[in-house]
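Reminder, nothing fancy here: chain letters follow the sequence lines and each chain counts from 1. Here the structure is a predicted model, which is why all the values come from computation and not from measurement.
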Amino acid sequence: MKRFFIEHSEAVDINHCLFSGQSFSWQKHGNDGRYVSAIINGSAVVIENTNDGGVVLHTDGNTIGVESPQVWFRRYFSLDVDTETLFSEPFRNAHPELALQLERYRGLRVLRQDPYETMVTFMCAQGIGMALIRRQVSMLARRYGEHVPLSLNGCTINLYRFPTPSRLGAADPMELRACTNNNLMRARNIISASQKVTEGCIDFKALASKKNTQEDIQAALSRCGGIGLKIADCIALFGLGRFDAFPIDTHVRQFLGLWFGFPEASAPLTDKNYRILAERARELLGEKLAGYRGHHLFHCWRTEVRKMQAF
DNA sequence: GACCAGGACCAAA
DNA sequence: TTTGGTCATGGT
């Protein structure tokens, strides 16, 4: 493993990032949890938290994907977004108590993750708890992903690459269902969507283009079975780097009602109501970074109000 | 034992 | 257009 010291002037709360950014593949190591590991863009990556204005990045090569580790870190943790001034002064004045709570999460980053991995992961996230979601993703990688043993400080860590689209596309649904909470429909949906990626019917690079509106992306992705508005928006936000996407789940709906008094938030989340709420949220938070800001609100809500289990 | 957990989808009203 | 049931299982 090679070591790269990554200095960053902006605050980065790695642990919150990795949980909140849906990075189910990360693993924590050591009693103090100082080391976290994963395979990103085909490279083994270990982040060592130094808590002194930097992190040490351990990788198995000089690049991650096609980028240098420094460039990768900046892009993956979206350090190009200034989270110090994420919420405008008018917003902070209008919601002073909330603004104070949000201060604690300034180091939270929305990650730019692999779109295919993001897609499959969120397809596993329907109507069940976090523990089950993480287990499904972990089982998929173990059963269908390539094994990568990693040596760190004399200990061996067993990592698994996330399966390729062609591997999952060729899987037997009856076998795959063991990894999808025994849900046969979900297994079939993942296989079908993976085939679409392999065949090029779903082209993430083209989808991410700024030329596409949120509606375009939602329409293209929800042609896949098992992907509705919410999952499509999650793929856009976390996998396509579209920080204007604003996914609304049960938690988002709750805080839109409680914190901002949106009357529509008390109604069920039908497609029509979803679109109304998303539009109102974009008006409140600004178009360009609505999803990024929404994720800070989400994480604050989950941590302060609805206690979520730790990373 | 009930209820909820980071939904999608179909049929019926 | 909205409502209700279904898929599934583990934690509280």
* Rounded to whole angstrom units, what separation is found between the CD1 atom of A:Ile276 and the C1' atom of C:dT1? -> 12 Å
* Send over the distance from A:Met130 CE to B:dG7 P, rounded to a whole Å. => 10 Å
* **A:Tyr274 versus A:Gln218, side-chain donor and acceptor atoms under 3.5 Å** => no
* Structure fact -> Closest of B:dA5, C:dG10, B:dG7 to the A:Arg135 side chain is C:dG10
* Asked: Whole Å only: how far is the CD1 atom of A:Ile190 from the C1' atom of C:dC7?
  -> 14 Å
* Nearest-Å distance once atom P is located in both C:dT6 and B:dC3 -> 16 Å
* To do: Tell me what A:Gly127 touches on the nucleic acid: a base, only sugar-phosphate, or nothing, going by heavy atoms under 4.0 Å.
  => base
* To do: Ignoring backbone atoms, establish whether A:Asn182 has a side-chain N or O less than 4.0 Å from OP1 or OP2 of C:dT9.
  => yes
* Asked: Of A:Gly225 and A:Leu132, whose nearest nucleotide on DNA chain B comes first from the 5' end?
  -> A:Leu132
* **Whole-Å gap separating P (B:dA5) and CH2 (A:Trp301)** => 11 Å
* Structure fact -> From NZ of A:Lys272 across to P of C:dT3 the rounded distance in Å is 11 Å
* Contact class for A:Cys224 (heavy atom, under 4.0 Å): base, sugar-phosphate, or nothing? -> sugar-phosphate
* Atom-pair distance (CG on A:Leu221; P on B:dG7), nearest Å -> 18 Å
* Asked: Hey, is A:Lys205 close enough to A:Asp203 for a salt bridge, meaning N to O under 4.0 Å?
  -> no
* To do: Considering only atom P, compute the distance from C:dA8 to B:dG1 and round it to an integer number of Å.
  => 23 Å
* Pairing partner of B:dA2 (Watson-Crick or G-U wobble, both distances under 3.5 Å) -> C:dT12
* Contact under 4.0 Å: A:Asn183 side-chain N or O vs C:dA8 OP1/OP2 -> yes
* Which part of the nucleic acid, if any, lies within reach of A:Pro268 when heavy atoms closer than 4.0 Å are counted: base, sugar-phosphate only, or nothing? -> sugar-phosphate
* **Polar contact flag, side-chain donor to acceptor under 3.5 angstrom, A:Tyr105-A:Thr83** => no
* Asked: With distance as the sole criterion, is a donor-acceptor pair present between the side chains of A:Ser192 and A:Asn189 under 3.5 Å?
  -> no
* Give A:Ile133 one of three labels, base, sugar-phosphate or nothing, depending on what nucleic acid heavy atoms sit under 4.0 Å from its own. => nothing
* To do: Starting at atom CD1 of A:Ile128, determine the distance to atom P of C:dT9, rounded to an integer number of angstrom.
  => 10 Å
* Across all strands shown, which nucleotide pairs with C:dG5 by Watson-Crick or G-U wobble geometry, both distances under 3.5 Å? -> B:dC9
* Of the nucleotides C:dG10, B:dG7, C:dT1, which has the atom closest to the A:Thr250 side chain? -> B:dG7
* To do: May I ask you to check whether over 12 heavy atoms, not counting those of A:Glu97, lie within 6.0 Å of atom CD?
  => no
* Structure fact -> Ranking B:dG7, C:dT1, C:dA8 by distance to the side chain of A:Leu184, first place goes to C:dA8
* To do: From the options C:dT1, B:dA5, C:dT3, select the nucleotide whose nearest atom is closest to the side chain of A:Thr270.
  => C:dT3
* Length of the CD-C1' vector between A:Gln126 and C:dT9, whole Å -> 14 Å
* Indicate whether any N or O donor in one side chain lies under 3.5 Å from an N or O acceptor in the other, for A:Gln214 and A:Arg282. => no
